[in-house]
Amino acid sequence: KVLKEIDGIPVLKFQVDRVKQAELVDEIIVATSNQEGDRQIANYCNDLDILCFRGSENDVLRRYYDCAKEYNASTVVRPTSDCPLIDPIVIDQLISLYQKTHADFAANTVPPEASWWPDGCDVEVFSMQALAVDFNPEMNAACQKADAHYSVPKCTDSGFLPAMLKICRQQVEQPQF
């Protein structure tokens with residue numbers, strides 16, 4: 001669908017051109033699948049001198065990890081492929097927030113029920129270190145153990161904020177460090 005045209009221009013070109021306008025984006029890499037049907041995307045990127053990485057079709061997280069690893073990225077900015085009208089100012093604002101807070105992950109649509117951003121403005125910023133956790137058995141096991149110990153729901157669950165506040169109160173009352 002990213003090669004469908006609007007007024008003779010592929011949707012992907014609209015998106016890449018808008019991302020290029022973001023001042024805090026260093027490099028643009030289109031990450032697509034290694035399926036034969038996506039060869040056209042890779043060819044189109046090549047024609048426009050846009051870097052393109054091809055990886056797993058079904059494991060998108062793995063595709064992002066492998067792409068970031070291949071290009072030695074320390075930070076990944078991900079506007080979803082179905083957001084051709086992404087606002088470069090929104091991208092820069094989210095990257096700035098990510099940098100100022102030293103977060104491992106920032107998004108403008110999490111949790112979905114609290115997001116006031118319209119569809120088409122989705123963007124995420126995450127560290128390679130956070131992304132690598134899922135692919136490092138030791139780190140992943142430690143995170144799972146911590147999650148089980150603190151019983152923290154997913155950040156998209158309605159109980160997330162109360163659970164986090166409870167943990168913070170416990171740490172203040174009984175510091176473990």
Side-chain angles (χ1 to χ4, degrees), residues 1-112 115-137 139-140 143 155-156:
K1 65 183 176 181
V2 298
L3 293 180
K4 293 220 182 258
E5 295 183 352
I6 299 173
D7 201 25
I9 301 169
V11 170
L12 179 60
K13 178 147 176 44
F14 280 105
Q15 186 168 20
V16 168
D17 287 348
R18 294 185 67 79
V19 173
K20 282 181 180 178
Q21 293 175 42
E23 295 176 6
L24 299 177
V25 172
D26 296 328
E27 191 167 38
I28 297 173
I29 306 164
V30 172
T32 191
S33 86
N34 53 16
Q35 295 300 303
E36 184 59 35
D38 286 336
R39 181 180 302 279
Q40 291 176 316
I41 294 171
N43 291 341
Y44 182 74
C45 288
N46 187 50
D47 291 346
L48 293 180
D49 289 326
I50 300 168
L51 294 174
C52 184
F53 176 86
R54 300 188 70 194
S56 175
E57 177 183 33
N58 298 320
D59 189 345
V60 177
L61 190 62
R62 168 59 77 178
R63 186 185 328 151
Y64 273 72
Y65 174 76
D66 291 345
C67 177
K69 196 171 176 182
E70 181 166 317
Y71 286 97
N72 297 313
S74 59
T75 304
V76 175
V77 178
R78 178 186 180 247
T80 56
S81 64
D82 56 354
C83 298
L85 301 179
I86 186 70
D87 188 337
I89 294 171
V90 171
I91 294 171
D92 282 338
Q93 288 174 338
L94 195 61
I95 293 171
S96 182
L97 174 70
Y98 168 85
Q99 291 171 336
K100 286 178 185 173
T101 60
H102 304 285
D104 284 316
F105 174 80
N108 66 344
T109 56
V110 175
S115 175
W116 51 269
W117 293 94
D119 282 342
C121 294
D122 307 8
V123 64
E124 300 172 339
V125 181
F126 42 91
S127 69
M128 180 59 174
Q129 185 176 2
L131 189 57
V133 167
D134 284 327
F135 302 102
N136 181 325
M139 291 174 68
N140 191 310
C143 289
C155 63
T156 55

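A quick note: this is a predicted structure, and the numbers were derived from the prediction, not measured.
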Approximate separation, where rounding is to 0.5 Å, of D47 CG and Q40 CD: 11.5 Å

Between L12 and C45, is there a side-chain heavy-atom distance shorter than 4.5 Å? yes

Minimum heavy-atom distance between S96 and L24, given as atom pair plus value: N-CD1, 4.0 Å

What is the minimum heavy-atom distance between C121 and V90, and which atoms define it? O-CG1, 4.4 Å

Given side chains that start at C-beta, do those of L51 and E27 come closer than 4.5 Å, heavy atoms only? yes

Do you know which two heavy atoms are closest between C52 and Y71, and how far apart they sit? O-OH, 3.7 Å

For residues R63 and S33, determine if any side-chain heavy atom of one lies less than 4.5 Å from a side-chain heavy atom of the other. yes

Taking atom types as modelled, find out whether S127 and D104 have a side-chain donor-acceptor pair closer than 3.5 angstrom. yes

Out of curiosity, L3 CG to I41 CD1, how far, rounded to the nearest 0.5 Å? 5.0 Å

Could you check if a side-chain atom of V123 sits within less than 4.5 angstrom of a side-chain atom of V77, using non-hydrogen atoms only? yes

Can you confirm whether I9 is buried at CD1, in the sense that more than 12 heavy atoms of other residues, nucleotides or ligands lie under 6.0 Å from that atom? yes

Lys/Arg-Asp/Glu bridge criterion (N-O < 4.0 Å) met for D17, K13: yes

Output for pair (D122 CG, I86 CD1), nearest 0.5 Å, gives 7.0 Å

What is the ring orientation for Y64 with F126, classed by angle as parallel under 30°, tilted 30 to 60°, or perpendicular over 60°? tilted

Calculate, to the nearest 0.5 Å, the distance between atoms OG1 and OH belonging to T75 and Y98 respectively. 3.5 Å

Roughly how far apart are I28 CD1 and Q15 CD, rounded to 0.5 Å? 9.0 Å

In Å, rounded to the nearest 0.5 Å, how long is the span from CG of L94 to CG of D87? 12.0 Å

Hey, does F53 have a side-chain heavy atom less than 4.5 Å from the side chain of D66? yes

Expected output: side-chain D38 to main-chain T32 donor-acceptor under 3.5 Å: no

Looking at side-chain heavy atoms only, is the closest gap between P79 and V19 below 4.5 Å? yes

Do you know which two heavy atoms are closest between R54 and R39, and how far apart they sit? NH2-N, 3.4 Å

Might you point out which heavy atoms bring M128 and A73 nearest each other, and give the distance in Å? CB-O, 3.4 Å

Could you check whether any side-chain heavy atom of I29 comes within less than 4.5 Å of a side-chain heavy atom of C67, counting everything from C-beta outward? yes

Would F105 and V125 count as a side chain to side chain contact (heavy atoms under 4.5 Å, CB included) if you check the C-alpha gap in whole Å, the side-chain angles of each, and the deciding distance to 0.1 Å? CA-CA 6 Å; F105 174 80; V125 181; over 6 Å; no

